[in-house]
Amino acid sequence: MVIRRRVHRIRRRPKRFTRGMIQTLFLFLVLVFLLFLALGIRIYTLNRDNGDAYKKQVFSQQSYTNKVLSFRRGAIKDRNGTILAQSVRKFNLILEPRTILADPEVKADTLAAMAQYFAFDTSSIEQILAEHPESMYQHVDGLKELTRKQISGFLEEIEKNKKKKKDKKKIQGVWFEEIFTREYPLDTIGANVIGFTSSENQGTYGVEGSYNEKLNGKNGREYGYFDANMDFQRTVKKAVNGNSVVLTLDANVQRIVEQQIKKYNKDVGAKNIGVLVMNPKNGEILAMASQNNYNLNEPRDLSLMYTQEEIAGMDEETTTENLMAMWSNFCIANDYEPGSTFKPFTVAAALDEGTVKDSDSFGCTGVRNVAGTEIHCAVRSGHNTVSLQQSLMESCNSALMKIGEDLGRANFSKYNKIFGFGQRTGIDLPGENAGIIHTEEELNPVELATSSFGQTQTVTMVQMAAGFSSLINGGNYYQPHIVKEIQNENGAVVENTEPVVVKRTVSDAASRLIRKYMKATVEEGTAKPAQVKGYSIGGKTGTAEKRPVADKKYLVSFIGCVPAEDPQAVIYVIIDEPKVEDQAHSTYATEYASKIMKRILPFLGIYSEAEETPDPSAEDGQPAENDPKTEDGQQKENDPETEDGTPAEDTPTEEE
């Protein structure tokens with residue numbers, strides 16, 4: 001009997017997570033998550049608060065470089081392409097002390113090469129290495145702003161060392177940082193117009209200041225590191241160079257004007273001299289200069305204006321004040337009472353308002369009673385009867401007071417604004433002054449009378465030149481400007497300055513009469529000394545009495561145009577307090593203007609009708625035929641504009 005046993009296979013049931021196990025696992029995962037969250041927060045806060053410090057610490061442990069690639073600031077040129085300001089490529093020698101100190105032989109070879117090619121005492125380099133052993137960027141005093149020629153030998157030596165076998169030591173830890181330094185090839189020419197820059201490529205004064213953003217470019221960067229084979233792995237973001245600015249200025253004309261200012265100061269002297277030459281048909285400034293001059297390459301050097309003894313006696317505050325005065329552009333920043341050069345504006349306004357006409361005449365007894373105040377004419381005995389043209393030719397104050405009275409204070413005030421007085425012209429230079437004029441309410445009878453011939457109100461040279469240009473060009477007031485165009489680094493024009501007619505000032509009919517009167521004033525009137533042989537000149541003189549009247553100080557001037565019939569150039573000359581015994585003679589300014597025009601007109605393409613063209617560069621140093629002094633230094637007599645007395649009650653008068 002076979003007994004079969006049934007074998008029962010027992011299956012094991014899989015184990016399941018208990019509730020307690022799930023809770024434990026969940027808590028563990030939460031704990032891990034919280035730990036990672038805390039770690040992330042910690043990393044974030046460390047990076048936020050100390051990230052730069054840690055980065056520097058890491059970079060200091062590897063041969064890493066991050067250097068600025070400097071842009072080249074754009075050039076400033078005159079209208080003919082003459083360079084007035086440029087940025088020249090230079091090089092600073094840079095040391096990497098940690099690289100040099102890594103191997104004694106490298107240090108020895110590197111220092112020996114520097115001593116050889118730069119004739120440099122290496123003790124100062126030893127000091128840098130000792131003080132900054134972990135640095136990768138150190139300047140060396142005495143090895144800055146080097147030229148390409150100065151570093152070429154050392155660069156050749158570096159290349160030669162690179163080609164040596166690996167077991168030979170190389171010159172290491174030295175490289176050259178490219179920079180650009182601002183240079184002004186003509187030194188003083190156009191200083192007050194051009195301005196200068198700081199070491200950070202920031203323009204100061206002049207065109208350098210007003211066109212700073214156009215002239216500046218954008219720096220680039222070079223990122224990289226030296227690998228194990230000392231090969232430089234880099235990424236370069238190129239610098240963007242600045243644009244160049246082309247001025248309306250003519251460097252030849254500017255040079256002649258500045259030479260004549262210097263000569264006048266040497267021969268006669270004055271508190272200040274200003275000269276402005278302008279194209280009346282488009283507002284371009286062709287020359288702008290004053291006695292305030294300095295070397296653009298040494299802008300803090302006061303020696304052109306003061307003696308060494310005077311400079312030594314200046315304290316810090318006085319030095320700063322004198323520097324600012326020296327840098328200031330007199331032609332746009334200084335205001336003054338213009339005197340009789342203002343008279344054509346009064347006459348033109350009266351012509352257009354119909355309060356006077358070409359055929360009118362005026363009586364002059366030498367004095368006029370205005371609201372109980374006696375105001376004298378330049379000729380105390382009087383001009384008797386003068387026509388409208390003669391009122392300008394002979395510079396008759398009495399006639400102008402009558403013209404101003406008939407014009408009325410409302411119209412006089414209106415035309416003040418039309419001609420741009422009491423407001424900035426908007427010339428593209430910094431530091432422009434607006435001057436001070438009377439409001440309509442302030443133009444009481446005496447103020448209206450004196451203002452009509454250019455006293456008791458102040459103007460700037462650029463205001464007068466722009467306004468006068470509109471008087472003789474048909475009535476178009478062009479905004480004066482100094483920049484002609486903007487060019488990119490390849491010389492392509494990217495921006496053109498088109499002439500801007502801001503407004504109409506007078507009618508064409510009034511403009512024609514003013515041109516006629518101005519020509520007669522030079523040919524037959526008080527401005528005869530302004531004549532230039534072979535040229536048709538028109539213009540007006542001015543002799544403004546300065547305050548206080550008792551000091552007998554005068555500002556003499558001449559404003560004119562050439563050719564008189566169709567003006568191509570306006571010239572405005574001011575001599576503030578000429579250093580002579582009797583200052584009240586506009587002859588000083590008219591003769592001076594004649595000398596300047598004789599030399600500059602050919603450069604402006606305005607040629608003489610005479611058979612012989614005068615040499616514009618002639619400078620014989622001899623006094624001209626019309627020099628206001630005789631050979632013995634005495635003042636000429638019988639000057640038609642000499643004033644022999646003072647007005648009653650010290651009332652300001654135009655002394656012509």
Side-chain angles (χ1 to χ4, degrees), residues 187-193 252-277 286-295 303-307 325-326 328-331 334 336 338-339 341 461 464-465 527-532 537 539 541-544 546 553-560 571-601 603 614-636 639 641:
D187 292 330
T188 61
I189 303 302
N192 295 122
V193 174
N252 289 316
V253 176
Q254 184 75 21
R255 180 188 286 108
I256 292 168
V257 167
E258 292 185 17
Q259 286 174 346
Q260 290 300 306
I261 290 175
K262 185 176 180 181
K263 185 177 186 301
Y264 188 92
N265 272 321
K266 180 180 179 182
D267 296 344
V268 181
K271 180 180 179 180
N272 210 333
I273 299 173
V275 179
L276 193 154
V277 184
L286 304 172
M288 180 182 279
S290 71
Q291 190 168 305
N292 297 337
N293 206 1
Y294 60 96
N295 189 327
S303 61
L304 288 181
M305 296 289 295
Y306 303 93
T307 65
M326 183 177 72
S328 176
N329 186 339
F330 177 84
C331 297
N334 290 53
Y336 53 88
T341 50
M461 288 192 73
M464 286 289 288
K528 279 185 180 180
Q531 294 178 6
V532 179
I537 308 290
T541 55
T543 308
K546 299 179 69 174
K553 302 292 184 182
Y554 295 85
L555 181 146
V556 295
S557 59
F558 171 81
I559 192 165
I571 182 170
Y572 187 25
V573 169
I574 278 179
I575 302 178
D576 186 11
E577 297 185 24
K579 293 182 178 179
V580 293
E581 186 175 344
D582 185 1
Q583 297 178 0
H585 303 280
S586 62
T587 307
Y588 297 112
T590 49
E591 292 179 351
Y592 182 59
S594 175
K595 292 176 183 178
I596 292 176
M597 285 190 287
K598 179 181 178 181
R599 290 165 171 80
I600 69 172
L601 292 178
F603 282 105
D615 180 2
S617 61
E619 186 62 70
D620 56 11
Q622 299 301 316
E625 291 182 1
N626 294 332
D627 197 277
K629 288 187 178 181
T630 58
E631 291 183 359
D632 63 0
Q634 297 300 313
Q635 180 69 39
K636 286 184 178 180
D639 189 311
E641 296 189 346

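This one's a predicted model, so the numbers in the text were calculated from it and none came from an experiment.
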Atom CZ in Phe603, atom CG in Asn252: separation rounded to 0.5 Å?
4.5 Å
Answer whether the closest heavy-atom distance between the side chains of Tyr264 and Pro578 falls below 4.5 Å.
yes
Between Thr543 (side chain only) and His585 (backbone N and O only), is there a donor and an acceptor less than 3.5 Å apart?
no
When rounded to the nearest 0.5 angstrom, what is the spacing between CE in Met597 and CD1 in Ile537?
4.5 Å
Side chains of Lys266 and Lys262: closer than 4.5 Å at any heavy-atom pair?
no
Where Glu258 and Gly190 come nearest, the two heavy atoms and their spacing:
OE2-N, 2.7 Å
Would you compute the distance between atom CD1 of Ile575 and atom CD of Gln291 and round it to the nearest 0.5 angstrom?
10.0 Å
Can you name the nearest heavy-atom pair linking Ala527 to Phe558, along with the distance?
CB-CE1, 3.9 Å
Exactly one of Asn329, Asn192, Ile273 clears side chain to side chain contact (heavy atoms under 4.5 Å, CB included) with Asn292, and that residue is Asn192
Taking every heavy atom of Tyr588 against every heavy atom of Asp582, the minimum-distance pair comes out as OH-O, 3.3 Å
Looking at NZ of Lys263 and CD of Gln260, how far apart are the two atoms once the value is rounded to the nearest 0.5 Å?
6.5 Å
With Asp576 as reference, evaluate Gln583, Lys271, Lys553, Lys546 under the side chain to side chain donor-acceptor pair (under 3.5 Å) test and give the passing residue.
Lys546
To the nearest 0.5 Å, how far apart are CG in Asp187 and CG in Leu304?
9.5 Å
For the student: nearest non-hydrogen atoms of Ile571 and Val277, plus distance
CG1-CG2, 4.3 Å
Give me the ring orientation class for Tyr572 and Tyr336: parallel if the planes are under 30° apart, tilted from 30 to 60°, perpendicular past 60°.
tilted
Measure the CD1-CD1 distance between Ile596 and Ile261 for me, rounded to the nearest 0.5 Å.
6.5 Å
Nearest heavy-atom contact between Cys331 and Leu276 is CB-CD1, 4.2 Å
Which atoms form the tightest heavy-atom contact between Met464 and Ile559, and what is the distance?
O-CD1, 3.8 Å
